[in-house]
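Quick caveat: nothing in here was measured; it's all calculated off a predicted structure. Lettering of chains follows the sequences in order, A, B, ..., and the numbering in each one begins at 1.
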There are 2 protein chains.
Amino acid sequence: MAYPSANVSERELQSPSLALSTVIFALRHDPQSGRPELWLPLVRRIRQPHHGKWALPGGPLASHESLQDAAARNLSETTGLDPRYLEQLYAFGGVDRAAAQRLVSIVYWALVQPDEAQLARESENVRWFRADSLGPLAFDHNEIVDYALWRLRNKMAYGSIAYHFLGERFTLAQVREVYEAVLGRALDPANFRRHLRAAPDIAATDEFRQGGRHRPPRLYRYTGTSTPVGGASAATGATATPPPDTAASSPPVPVNAGRNP
Amino acid sequence: MAYPSANVSERELQSPSLALSTVIFALRHDPQSGRPELWLPLVRRIRQPHHGKWALPGGPLASHESLQDAAARNLSETTGLDPRYLEQLYAFGGVDRAAAQRLVSIVYWALVQPDEAQLARESENVRWFRADSLGPLAFDHNEIVDYALWRLRNKMAYGSIAYHFLGERFTLAQVREVYEAVLGRALDPANFRRHLRAAPDIAATDEFRQGGRHRPPRLYRYTGTSTPVGGASAATGATATPPPDTAASSPPVPVNAGRNP
DNA sequence: ACAAAAGTGTTTTAACTACACCCATGG
DNA sequence: CCATGGGTGTAGTTAAAACACTTTTGT
């Protein structure tokens, strides 16, 4: 881009390597408690540095694709996933974050639904882990995951993001469970329900889920706009949906509602 | 970083150029109304492409410096500014955003205080503009500025960000004027004052501003943590979109605390 | 009939808005 | 003593939290 007056020596101007990585979150039901928990897929590094360690899926940026497209492609190639929700997280560019070379990573984060997560090919070199109990990862990926978790929780608190963990139809209790899993605390069912029903982009259907040994709950669907993945906004790579936190005026979703011991 | 299984051809793997740019905001008092307004400095491009057009200050990333350091250095070299508040905004990487070559720009945004802004050397090729009345800029810089404005307003709504526009000591009315300038609407002085006094990181001093033809207002100071500029945390250098300020959580990597206007 | 979760109503409490009013200074 | 903004008080309104209660299913 050649800006005026940049007086660094020519040797230093060699562009550092640029890579894309993605933190992918999905909910998995714990067989015992039945409650959903946060999981994410990692890939095992098959070369130096950090050979053998687990790392975030990622890869290089090809010249013909936008950042978002590149993130989606790398994701698909390494894990077989094609998430609906994919958003830029942060650009990490510390000097010493990769051993030998200078490396800048633009990190995306994604939410996938349980059925999608099933499709993810698990193998010797791709495995799912619980988000809150990761071992030491390659590079600075632990920090990146921590940051993604922090961002997820914050966005959850006032965003319309929880639905991206769920399928087309869902019960209000499922939404509550998503919140409880991500925020890590119990919420009052009654108040939570009231909040959701006041939200503009959740519509009731006339279907009910059968099978539980209790009164069948009504199914709802999300009518809001998903973050576009890939196609539309490729022009600048950041357009249609201004990246983070579209929510200044948006849907009030439940925040605190502690249940009593 | 060489991730596994990236099946794109070798020709496409050539790293695209990487640049840093910064959107700098400062408040300037309108001589007529006396009210502060948002301004930002731009630099005139002195080579192709977009020769002669106004653009965001920026430049390349040197191999020895973090992203944050590079942003600060470019800023200093092009405009003479050394802002206290400097945070990553977004990485823009659309395929066609620069004419000839592929270019990824990691954009930062900064807030500077009036006295700092005075120091900015203004010249033939560096000039300040009102943020809401910019002509067509080089590249996709109009979009970037719009996004920065949107983010500023959002963060303002519940952040502890306003003080970075002001000096060491300020009156509560000054803070209110900052909010009014950025949000574009009037606020109730009485209620605003109550909110600020309830904020944890604003402390009263025993000084008063003299000289107005009215009761001298008390001076306050900001005791919260500024976003470090180029400091230790620049290693991974993550600063983020804030939470609903109640979430007392701070991110795994730096950010500033919150308040409730 | 009973357990269990869906769903509704109601009281309490905190937060925010609007606006009236007093205070201290320069002219 | 008057104009001007600094600063305080307070009633009315709105949203949120807590929790008792009713409804509908499966077994």
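- Residues from residues 210-220 of chain A placing a heavy atom under 4.0 Å of any atom in DNA chain D, listed by number, are A:G212, A:R213, A:H214, A:R215, A:P216.
- Relative orientation of the B:W150 and B:Y147 rings is parallel, given thresholds of 30° and 60° on the angle between their planes.
- Rounded to a whole Å, the CG atom of B:L187 is 13 Å from the C1' atom of C:dC16.
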Which side-chain N or O atoms in residues 165-173 of chain A pair as donor and acceptor under 3.5 Å with protein atoms at least two apart or in another chain?
from	atom 1	to	atom 2	distance (Å)
A:R169	NH1	A:E207	OE2	2.3
A:T171	OG1	A:A173	N	3.4
A:T171	OG1	A:Q174	N	3.1

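- A donor-acceptor pair shorter than 3.5 Å can be found between the side chains of B:R194 and B:N191.
- In terms of modelled atom types and a separation under 3.5 Å, the side chain of B:T223 and the main chain of B:D201 share a donor-acceptor contact.
- Counting heavy atoms from C-beta outward, A:L196 and A:R176 have side chains that stay 4.5 Å or more apart.
- Whole-Å rounding puts the A:D188 CG to C:dG9 P distance at 16 Å.
- Per the geometry, CD belonging to B:Q174 stands 12 Å off P belonging to D:dG7, to the nearest Å.
- A search for ring pair (Phe, Tyr, Trp, His ring centres under 6.0 Å) contacts involving A:W39 returns nothing, not counting sequence neighbours.
- Atom P of nucleotide C:dA14 and atom NE2 of B:H195 are separated by 16 Å, given to the nearest angstrom.
- As rounded to whole Å, 13 Å separates atom P of C:dG7 from atom CZ of A:F192.
- As a whole-Å value, the separation of B:E207 CD from D:dG6 P is 17 Å.
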Could I get a table of every N or O pair under 3.5 Å where one atom is in the protein and the other is in nucleotides 9-12 of chain D?
from	atom 1	to	atom 2	distance (Å)
D:dG9	N7	B:R194	NH1	3.3
D:dG9	O6	B:R194	NH2	3.0
D:dT10	O4	B:R194	NH2	3.2

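- Here the P atom of nucleotide C:dA6 and the CZ atom of A:F170 are 14 Å apart, to the nearest Å.
- Across the protein-nucleic acid pair, A:L172 atom CG and C:dG7 atom P stand 7 Å apart, rounded to whole Å.
- Looking at A:R218, its side chain does come within 3.5 Å of a backbone N or O of A:T205 through a donor-acceptor pair.
- A:F129 meets the ring pair (Phe, Tyr, Trp, His ring centres under 6.0 Å) test with A:W54; sequence neighbours excluded.
- Every residue was checked against the side-chain hydrogen bond (donor to acceptor under 3.5 Å, both in side chains) condition with B:N142, not counting sequence neighbours, and none meets it.
- Using a 4.0 Å heavy-atom distance criterion, B:R176 is classed as a sugar-phosphate-only contact.
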